[in-house]
Amino acid sequence: MNQLTESQMEQMIREQIIDRGVTDARVIEALRGVDREKFFSKQYKQEAYADRAAPIGHGQTISQPYIVALMTEKLDVQPEHRVLEIGTGSGYQTAVLCKLAKDVYSIERVKPLLDQAFETLMEMGIRNVHFRHGDGTLGWKEQSPFDRILVAAGAPALPKSLLLSQLIDGGLAIMPVGPHEQQMLVSVRRKGSELVQNDIIPCRFVKLIGEEGWPNDLQS
Ligand code: SAH
């Protein structure tokens, strides 16, 4: 390894992602294809490759690189898949999903974040993305069902109606579930009218606010 020429991105991928066990070649390739700095405001650019979440305004955060990599790997996205993402945030995870899926449908409740993410992805030449402003816990009925669902904000409990109505039978969802202080990242497989849940790791996300999420209070 030539330490002099290894970019910050390569170092991030090696130390934070591969060394921690996310080794799916397609996921690593997708991460390499998305310039993380583009998703940071000038003020926070130096945080782009840091091993933590970072502020993106409106009380929200861009997820830690490892968490994005892990969620993407666990989602097992195939090239023919249509993916629903809830909580666009900066759009970084969205862009990574776009490298792997046929189409990505991403919903964000904070309009300025959605507008910024739209602009960033358009500038990057990504065209297999569809954005919607609103409560993602209601899903995107006209475009459903989806092969995969990724929720990037913490829900108090599994959003069962969403999963049973908008995930295909046999489809997979990845999301954080549990109390606001700490959640469990879970994978959920739909089997007919059943949802089979498996724990991945403890994690901490911002709140999923909406019909099948937390109520919209003043602190959020
Ligand atoms: N993966 C994103 C981080 C998302 S942070 C990134 O890397 O940038 C979670 C986002 O979910 C926040 O932007 C928040 O506004 C949004 N959110 C919370 N509840 C939501 C809901 N019900 N529908 C859509 N978006 C929601």
Side-chain angles (χ1 to χ4, degrees), residues 39 53 56-64 67-68 70-72 74-75 77 81-98 100-122 126 128-168 171-180 183-190 195 197 200 203-217 219-220:
F39 298 85
I56 53 171
H58 308 273
Q60 309 302 325
T61 53
I62 176 170
S63 311
Q64 181 190 10
I67 287 289
V68 172
L70 181 65
M71 289 178 86
T72 308
K74 295 288 180 189
L75 199 60
V77 182
H81 280 168
R82 297 168 68 252
V83 179
L84 174 67
E85 179 190 41
I86 300 173
T88 315
S90 67
Y92 176 67
Q93 170 83 75
T94 321
V96 172
L97 290 172
C98 283
L100 295 163
K102 179 163 183 283
D103 278 292
V104 177
Y105 298 81
S106 187
I107 310 177
E108 170 58 54
R109 64 182 285 277
V110 178
K111 186 71 165 51
L113 289 177
L114 187 74
D115 292 344
Q116 180 61 56
F118 175 81
E119 209 173 289
T120 310
L121 268 71
M122 288 304 119
I126 293 173
N128 58 336
V129 66
H130 313 267
F131 286 113
R132 175 183 252 193
H133 175 227
D135 175 7
T137 71
L138 301 173
W140 194 325
K141 198 159 177 259
E142 307 79 51
Q143 295 294 346
S144 69
F146 299 94
D147 302 288
R148 297 288 185 261
I149 298 181
L150 184 147
V151 185
L158 268 196
K160 288 191 182 148
S161 332
L162 170 76
L163 298 175
L164 290 173
S165 63
Q166 300 201 17
L167 186 61
I168 60 157
L172 193 62
I174 303 289
M175 66 184 66
V177 176
H180 180 48
Q183 303 98 42
M184 181 57 78
L185 188 64
V186 301
S187 76
V188 185
R189 177 81 67 181
R190 178 177 167 205
L195 295 171
Q197 181 179 330
I200 303 172
C203 58
R204 187 168 181 191
F205 279 75
V206 297
K207 279 184 180 174
L208 180 73
I209 295 167
E211 194 70 24
E212 272 198 283
W214 296 94
N216 189 6
D217 55 34
Q219 288 87 57
S220 50

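All values reported here derive from a predicted model rather than from experimental measurement.
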Note, L163 side chain near I149 side chain (heavy atom, < 4.5 Å) | yes
Hey, could you give me the CZ/CD1 distance between R204 and I67, rounded to the nearest 0.5 Å?
-> 13.0 Å
Just wondering, are more than 12 heavy atoms of other shown residues or ligands nearer than 6.0 Å to CD in Q143?
-> yes
Check whether any side-chain N or O of R109 sits under 3.5 Å from a backbone N or O of G136 as a donor-acceptor pair, and report yes or no.
-> no
Counting distance only, does the side-chain N/O of E108 pair as donor-acceptor with the main-chain N or O of G89 below 3.5 Å?
-> yes
Minimal heavy-atom distance between L172 and K74, with the atoms involved, is CD2-O, 3.3 Å
Would L75 and E85 count as a side-chain contact (heavy atoms from CB on, under 4.5 Å) if you check the C-alpha gap in whole Å, the side-chain angles of each, and the deciding distance to 0.1 Å?
-> CA-CA 11 Å; L75 199 60; E85 179 190 41; over 6 Å; no
If every non-hydrogen atom of I209 is compared with every non-hydrogen atom of D135, which pair is closest and at what distance?
-> O-OD1, 3.8 Å
About how many Å separate SG of C98 and CD of Q93, when rounded to the nearest 0.5 Å?
-> 10.0 Å
Exercise: identify the closest heavy-atom pair between A101 and V77 | CB-CG1, 3.6 Å
How long is the span from the CG atom in L121 to the CG atom in N128, to the nearest 0.5 Å?
-> 9.0 Å
Which value, rounded to the nearest 0.5 Å, describes the distance between T88 atom OG1 and I107 atom CD1?
-> 8.0 Å
Of all heavy-atom pairs linking P159 and M175, the shortest is CD-SD, 3.4 Å
Heavy-atom closest pair, residues G178 and W214 | O-CZ2, 3.7 Å
Check whether any side-chain N or O of S144 sits under 3.5 Å from a backbone N or O of Q166 as a donor-acceptor pair, and report yes or no.
-> no
Decide yes or no for V177 and V188: does some side-chain heavy atom of the first lie under 4.5 Å from some side-chain heavy atom of the second?
-> no
Report yes or no: does Q197 contribute a side-chain atom to a donor-acceptor pair with the main-chain N or O of V186 at less than 3.5 Å?
-> no
Using the ring of each side chain (for Trp, its six-membered ring), is F131 parallel, tilted or perpendicular to F118, with breaks at 30° and 60°?
-> perpendicular
Any chance you could measure S106, atom OG, to H130, atom NE2, to the nearest 0.5 Å?
-> 11.0 Å
Supply the atom-to-atom distance F146 CZ to R190 CZ, rounded to the nearest 0.5 angstrom.
-> 13.5 Å
Ignoring hydrogens and angles, tell me if any N or O in the side chain of R82 forms a donor-acceptor pair with the backbone of P145 under 3.5 Å.
-> yes
For residues F39 and S90, report the shortest heavy-atom separation together with the two atoms involved.
-> CD2-O, 3.2 Å
Step by step, work out the side-chain contact (heavy atoms from CB on, under 4.5 Å) result for L162 and I86.
-> CA-CA 11 Å; L162 170 76; I86 300 173; 3.6 Å; yes
